[in-house]
Amino acid sequence: MYCHALLSTMQGTLVDAWHRPSADGRPGAYLLWIRTEKGIVCLEDRDFRPSFAVIPERNVGLVEQAVGQHENVYRIETVPRYPSIYATGTTPVVRAFLLDERKVEETMREIRQRSPANVSFAEAKIRIDLQWHYLRGIPPHSAVRFTTDGGVLKSISAAGPCDTSKLRVLAVNCAFSTTDPAKCRLLSISLCDGAGESVFRGGEAAMVRSLQAALDERDPDALAMFDADNTQLPLLGLRARANGMALRLGRVSWSTDLHNAKKQRITHWQAAQARAPGRILLDLWKDARTDADLKRTDLSLESVYDKEFSLSAEKSEASKVYELAVERLPMFTSWCQRCMMPLDSVCREKHGFMNASMVNAALIGSTVIPDTAEYPEGFKTPLVEKVKENGGLVITPVAGLHEDVAILDFSSLFPRIFVKHNISPETINCRHEECREHGEQVPFLGFHICMKRKGVYPEVFGKVLEERDRVKRAMKALDPGSAEYRKLDVLYRSLKMQLVSPYGYMQFALNNFRTVDGNRSVPAFGRYYLLKARDMAEEAGFSVIYADTDSLFVHRNDPSLDYGEFGRLVSREFDMELKLEYVCRWVLFLPERQGCSKGLKKKYFASVDGEPLVRGLEVRRQDRARIAKDTQEQVLEILAAARNKKEFVEAIPSATAYVRKQVGRIMEGDLRADDLAIIKKLSRRPEEYKAMTHHCVAAEKLADGGRRVRVGGKIEYVVTGKNRAVPLEMAREAPLAYDVESYVDNVVRPIYMLLREFGVEYDDLLPGPRQARLERFGQVECKV
DNA sequence: GAATTCGCAGGAGTCA
DNA sequence: TGACTCCTGCGAA
């Protein structure tokens with residue numbers, strides 16, 4: 001007899017939802033791991049199966065029957081939904097839950113044959129684990145309320161967002177002798193779980209056994225690693241296997257597949273992701289790679305940690321990994337909540353995929369998600385082809401040094417535009433006659449916007465924008481040093497990032513909801529606002545120095561004018577915040593050519609209270625040698641201290657003297673390979689390059705030397721001559737003759753460009769008497 | 001399989 | 001040799 005009284009409701013945090021694939025003789029299953037107060041429970045959700053949508057053209061009842069009677073269909077569910085976002089009305093859509101997900105293609109084929117009416121299919125390509133979250137309406141890692149009956153889930157519902165403090169995190173850091181698989185040995189494994197650290201040393205087999213024992217005993221929910229997919233896990237797997245062992249990282253009985261040997265000499269950077277069912281595998285390196293704030297570092301654990309905590313601390317690697325994980329978890333779970341993707345994915349995937357998932361998750365209840373784009377060109381009208389300006393507006397600056405300049409920014413301009421003006425695939429140039437005549441018009445392009453319905457992009461991202469504004473307001477009331485502020489700041493950064501890519505994703509080729517017309521409308525509105533703001537500035541007695549997309553550089557013609565007040569005036573006028581970011585002592589724009597009054601766009605140098613504010617110059621570029629960047633940085637610091645043009649000119653001699661000293665060092669060979677290293681991305685295989693560039697030559701040499709080279713990865717090299725370069729790793733090992741002329745020019749030219757308008761000659765930046773010439777340079781060996 | 005456009009610059013290669 | 005184009009990559013927004 002079934003005793004329902006035993007079904008008590010429990011609460012917990014959903015750690016993992018995993019679909020075990022079907023195998024011959026064993027059907028697939030959705031398994032859930034939930035952390036409760038009493039510990040971890042594993043449940044099977046038998047009601048839920050992988051599924052797809054069947055959209056009958058007519059004869060719904062008969063189609064339902066045909067689908068329901070198919071031998072691979074476990075059960076069906078018919079709900080009225082919009083068959084497409086462009087549809088004006090709903091139609092009954094049958095969802096077929098499958099017994100064996102491997103047979104999805106043939107099941108669809110057979111249903112098509114047996115149906116009494118034409119049918120179309122959709123939603124078969126939605127990732128199998130995401131289907132569970134989408135359709136159950138339960139975000140990954142959220143708090144849940146559930147009932148069970150002997151390991152089988154009876155009911156489940158979301159009971160709030162994820163509380164990351166409920167998850168047990170264990171940081172794992174393995175030290176290897178080298179990353180070369182052929183020579184690699186495991187040196188040590190360290191663990192950190194917040195309470196303490198442990199380090200295993202000694203024989204490889206013993207270390208692997210200790211790690212397994214620690215996992216079994218501590219039973220963490222998440223394993224945090226730095227560069228898990230590319231380094232830590234594959235090498236750990238390799239060494240375990242070499243010692244005749246296998247690791248079990250998940251909460252299932254079988255071992256985790258960690259190392260797949262690659263035969264190619266140069267591999268793709270996107271290493272396969274290991275999955276440990278029941279546990280979360282965090283890769284903090286992959287996250288740092290896509291994080292705008294961290295991108296500027298060299299992506300080593302040390303620099304990512306220092307950047308995140310704005311401090312350099314002497315800590316063990318495992319504890320750094322642990323702290324990073326704990327710090328970033330709330331940021332990740334904010335994404336999880338919205339895009340319905342688990343932490344495993346959120347820390348690895350690019351933002352576009354997560355944006356797409358946000359849209360899908362919001363739509364799936366009411367609208368069928370197509371497997372392919374309905375409009376392959378994404379609604380590109382002939383008009384849009386003709387328009388040359390597609391992006392933001394850039395107003396050419398007047399070259400030279402401008403004193404007393406304010407930089408004002410429209411905050412989150414693009415997302416705010418498509419939310420405010422209701423820009424979305426289905427609303428731009430909609431088919432309603434009424435909207436065509438009376439709907440809002442896009443400036444410059446003349447498109448009309450639907451006034452009858454709210455688009456999906458404004459709907460989804462409007463919520464993100466609202467929360468971002470709410471968090472921002474809350475932060476203003478707090479002390480920036482407080483823990484509460486810090487917590488909100490993490491959330492704020494996540495929300496800000498969630499708003500960066502939706503605009504671009506609108507016209508991304510593989511986005512099934514793409515709209516080219518909609519995408520072009522966004523910067524069109526942006527140009528409209530910026531031009532209006534420029535006119536308002538000029539009317540109010542300011543001159544506009546420069547503008548790029550959403551920022552405005554203005555100078556007051558009358559010292560009594562207030563920059564902040566102008567920002568508020570524009571904000572009120574447009575109902576769109578124009579924020580005063582900086583008031584600069586001066587801003588310097590470089591001329592296009594010597595003596596030219598037209599300034600370069602996207603490159604400037606300003607002094608904000610004596611601190612340099614730089615955009616686009618060499619110091620900001622990673623494809624410049626350390627020595628060149630350090631020299632420029634020092635020069636900029638000297639110059640930034642100047643309060644006005646007069647002091648700027650006075651500061652020039654000390655700047656040039658410094659440059660001469662640095663150039664002297666280069667010519668004497670007083671440099672280490674690291675000072676000379678240039679970093680570039682290898683975007684294809686060396687043989688695919690048409691031009692034999694330095695980074696391509698270096699990549700070839702690395703691969704020939706038996707080292708790992710990843711397409712899409714970064715190549716560091718030292719230039720030794722025309723068409724000649726040596727990878728940094730090799731340059732460190734033996735003395736090498738670097739290309740002095742090239743490096744001198746790399747250091748001198750940026751400074752020369754900066755100062756030539758003030759009468760500085762190229763030769764003034766070279767050491768020795770003025771008649772010094774580059775011809776003197778020979779090849780000099782650098783220090784090792 | 002996972003955002004875009006605009007703008008700048010250096011090096012290789014080509015031509016006169 | 002210098003002017004030009006193409007290839008490639010990077011950064012600003």
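Because the structure is a prediction, the values reported are computed rather than measured. Naming convention: chains lettered A, B, ... in sequence-line order (proteins, then strands); numbering from 1 in each chain.
- Per the geometry, CG belonging to D550(A) stands 16 Å off P belonging to dC6(B), to the nearest Å.
- Note: CG (L393(A)) to P (dA13(C)) measures 14 Å, nearest angstrom.
- N422(A) and T427(A) share no donor-acceptor pair across their side chains, judged by distance under 3.5 Å alone.
- The gap from the C1' atom of dA3(B) to that of dA12(C) amounts to 15 Å, rounded to the nearest Å.
- Rounded to 10 degrees, the angle separating the terminal axes of the helix from dT4(B)-dA13(C) to dA16(B)-dT1(C) is 10°, with each axis obtained from five end pairs.
- Judged by distance alone, with hydrogens and angles left aside, K350(A) brings no side-chain donor or acceptor close enough to the base of dA2(B) to form a pair under 3.5 Å.
- Nucleic acid contact class of S357(A) (heavy atoms, under 4.0 Å, all strands): none.
- Environment of CD in E105(A): sparse, with no more than 12 heavy atoms of neighbouring residues, nucleotides or ligands closer than 6.0 Å.
- Comparing atom distances between the V394(A) side chain and each of dC8(B), dG13(B), dG7(B) picks out dG7(B) as nearest.
- Residue K602(A) is in base contact, counting any heavy-atom pair closer than 4.0 Å across all strands shown.
- Across all strands shown, G504(A) has heavy atoms under 4.0 Å from base atoms, whether or not it also approaches the sugar-phosphate.
- By the 5.5 angstrom centroid cut-off and the 30-degree plane limit, Y505(A) is classified as not stacked against the base of dA3(B).
- In this structure, Y689(A) has its ring center closer than 6.0 angstrom to the ring center of H695(A).
- Residue T693(A) places none of its side-chain N or O atoms closer than 4.0 Å to OP1 or OP2 of dG9(C).
- Each of dG9(C), dC6(B), dC8(B) was ranked by its minimum atom distance to the side chain of L600(A); first place goes to dC8(B).
- With contacts defined as side-chain heavy-atom distances shorter than 4.5 Å, the pair W285(A)/D229(A) does not qualify.
- Shown here are the side-chain hydrogen bond (donor to acceptor under 3.5 Å, both in side chains) partners of R534(A), two or more places apart in sequence or in another chain: there are none.
- If you check dA2(B), dG10(B), dG7(B) against the side chain of F353(A), the one that comes closest is dA2(B).
- Stacking of K472(A) on the aromatic ring of Y492(A) is recorded, both the 6.0 Å distance cut-off and the 45° axial limit being met.
- The CG-P distance, from L413(A) to dA12(C), rounds to 19 Å in whole Å.
- Between the side chains of S334(A) and Q498(A), a donor-acceptor pair is found at a separation under 3.5 Å.
- Residue F410(A) is classed as having no contact, given no heavy-atom separation below 4.0 Å to the nucleic acid.
- Looking at the side chain of R624(A), the nearest of the listed nucleotides dG10(B), dA13(C), dG9(C) is dG10(B).
- A 4.5 Å side-chain heavy-atom check between T631(A) and V659(A) finds at least one atom pair inside the cut-off.
- Residues from residues 507-515 of chain A lying near DNA chain B, meaning a heavy-atom separation below 4.0 Å, are Q507(A), F508(A), L510(A) in numerical order.
- Within the nucleic acid shown, N355(A) has no heavy atom closer than 4.0 Å to any nucleic acid atom.
- Ring pair Y546(A)/F553(A) is perpendicular by interplanar angle, where above 60° counts as perpendicular and below 30° as parallel.
- For dG11(C), neither phosphate oxygen OP1 nor OP2 lies less than 4.0 angstrom from any side-chain nitrogen or oxygen of R615(A).
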Check against ring-ring contact (aromatic ring centres under 6.0 Å, His included), F508(A) and Y505(A): CA-CA 5 Å; F508(A) 173 57; Y505(A) 200 69; 5.3 Å; yes

Write down the protein N/O and nucleotide N/O pairs, taken from nucleotides 2-7 of chain C, whose separation is under 3.5 Å; answer none if there are no such pairs.
none

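- The side chain of H351(A) contributes no N or O atom lying less than 4.0 Å from OP1 or OP2 of dA2(B).
- Protein atom CZ of R527(A) is 9 Å distant from nucleotide atom P of dC6(B), rounded to whole Å.
- Out of dA13(C), dC6(B), dA12(C), the shortest distance to the side chain of R620(A) is found at dA12(C).
- As rounded to whole Å, 14 Å separates atom C1' of dA13(C) from atom CG of L552(A).
- As rounded to whole Å, 11 Å separates atom P of dG7(B) from atom CG of N390(A).
- One atom, CG of L617(A), and another, P of dC8(B), lie 13 Å apart when rounded to the nearest Å.
- Taking the side chain of Y503(A) as heavy atoms from C-beta on, and the options dC8(B), dT4(B), dC6(B), the nearest nucleotide is dT4(B).
- Closest heavy-atom contact between E618(A) and K629(A): O-CD, 3.4 Å.
- Side-chain atoms of H694(A) come within 3.5 Å of backbone atoms of G721(A) as a donor-acceptor pair (strictly under, hydrogens ignored).
- Looking at residues two or more places apart in sequence or on another chain, you find no side-chain hydrogen bond (donor to acceptor under 3.5 Å, both in side chains) involving T515(A).
- Relative to the side chain of N723(A), the nucleotides dG11(C), dG13(B), dG9(C) differ in distance, and dG13(B) lies closest.
- Checked against side-chain hydrogen bond (donor to acceptor under 3.5 Å, both in side chains), T549(A) has no partners two or more places apart in sequence or in another chain.
- For the pair K601(A) and dC8(B), the criterion of a side-chain N or O lying under 4.0 Å from OP1 or OP2 is not met.
- Between Y604(A) and dA13(C) there is a side-chain N or O to OP1 or OP2 distance below 4.0 Å.
- In this structure, H695(A) places its NE2 atom 12 Å from P of dA12(B), rounding to the nearest Å.
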